[in-house]
K.L.:
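First the structure, then my questions, so here it is.
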Amino acid sequence: MSCPVTPGVPGAPGVSLVLDPLVRDLPGETRRLRAAGPLTRIQLPGGVTAWTVTTHAEARRLLTDPRLVKDINQWVDWRSGRVTREWPLIGMVDPGRSMFTVDGAEHRRLRAKTAQAITARRVEAQRPAIEELTAGLLDELAAAGSRAGGGPVDLKALFALPLPMAVISRLMGVDPAEHPRLHRLFKAFFSGLTPQDERLAVIEELEAFFARMVAEKKELVARGEPADDLTCALIAAEDGGEPLTDEEVTGNLQAMVGAGHETTISLIVNAVRALCTHPEQRELVRRGEIGWDVVVEETLRWNTPTPHLLMRFATEDVEIAGTVIRRGEGLVISYHAIGWDEAQHGPDADRFDITRPTPIRHMTFGHGPHICPGAALSRLEGGIALPALFARFPRLRLAVPESELRNLPIVTQNDLAELPVLLA
Ligand code: STR
């Protein structure tokens, strides 16, 4: 294999970037990845190395290549025992059987019903409910602001975090009383600082939680009293299609809640941050010259919720951009670098700019069979939450210098630990 060793870079030979587990400089890492070419090797936390793709065109090709699959059993590092359940990122690669981890005909079967239920047209029906949830949280935010005597409040904890959980839970039929527990579990799941024995316990608890929920919903369906939620719809398969197994419904439910929750938090947090640090662009939006939909798309492109999506495995040698991904090797999709691809977005691709001609041409939701089924829902959420927030608090601004904002310590997500703001 011909992978050049980059001088001066620590890590395994041929690795052009060792990802910082604490994500202290995502823009810097992305610049280095972009400089390393369309296909390069990165080192993930835990010393595991993989290929990564950093350009729009090559990623597009790889994401529709059937020789790259989600099945962890194809991975030489897994088969050889070099990667085990002790690897800190195991939960991102092997979260159980669901539409997230299978391919081909099985994948179509697992995914169809969920995807059809959350098309743009169908999710539009959720608008009034999302508006109501947003208004309720904004009232609570205002109250927290008063209690803080006009001092800083954490916009993430009070607004960006609870809204996506409320929305996805309502869709899937999760009991609101369980939100605190799910917040605690996903917080531990999505932190690189969680000790591994604790993370494995969290993964077990999540599985048990969703399996119990599916068992309860199944009883409702059996009694002919299904709740009006997607979990019951997945169980019932009343359209005559082949029903999913309990394990498959559980896996899909878990994937939907996990994905709908963490990614949408970062969309909201990163959009608020971008507007607060680009006042002239905020003004264009305030004056109605540029729409909130554009703010959402440009945030998704420029500061994607998913900087590195783990992982696909080659079932055969795959040649791309003059490089061969050998059978059994792992491939990460580096969406932050892909969003900054000058060939796709122009020479200023690393700048947040809602006036650019083509913000929508990003690939943040992926491409091909696994393209994000929740894209329309997240766009709807962002398109409701952001204008409502800025209308309610027109003076909203960061309470600390931007340089003091810290990312969550997890390489696969791009989210802030806290977003301290002043409301008035
Ligand atoms: C979280 C933990 C879990 O119980 C199930 C899943 C499967 C879907 C994953 C999710 C995970 C983590 C966040 C992902 C999501 C699919 C899309 C989302 C990777 C592992 C993104 O961040 C884009």
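Indexing begins at 1, ligand by ligand and atom by atom, following the structure's order. Since we're looking at a predicted model, the values are computed, not measured.
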K.L.:
When you check the gap from the basic side-chain N to the acidic O, do E342 and R34 get nearer than 4.0 Å?
P.N.:
yes
K.L.:
Report yes or no: do T54 and S334 form a side-chain donor-acceptor pair below 3.5 Å?
P.N.:
no
K.L.:
Is the closest basic N to carboxylate O distance between K217 and D229 below 4.0 Å?
P.N.:
yes
K.L.:
Would you list the pairs meeting salt bridge (charged side-chain N to carboxylate O under 4.0 Å, His left out) in which at least one residue belongs to residues 114-130, sequence neighbours left out?
P.N.:
E124-R127, R127-E131
K.L.:
Measure from every N or O atom of ligand 1 to the protein's N or O atoms and keep only the pairs below 3.5 Å, writing each with atom names and distance to 0.1 Å.
P.N.:
residue	atom	partner	partner atom	Å
ligand 1	4 (O)	Q254	NE2	2.8
ligand 1	22 (O)	Q413	NE2	3.1

K.L.:
For residues 254-279, which residue pairs pass the side chain to side chain donor-acceptor pair (under 3.5 Å) check, not counting sequence neighbours?
P.N.:
R273-E402
K.L.:
Quick one: ring pair (Phe, Tyr, Trp, His ring centres under 6.0 Å) partners of F313, sequence neighbours excluded?
P.N.:
W75
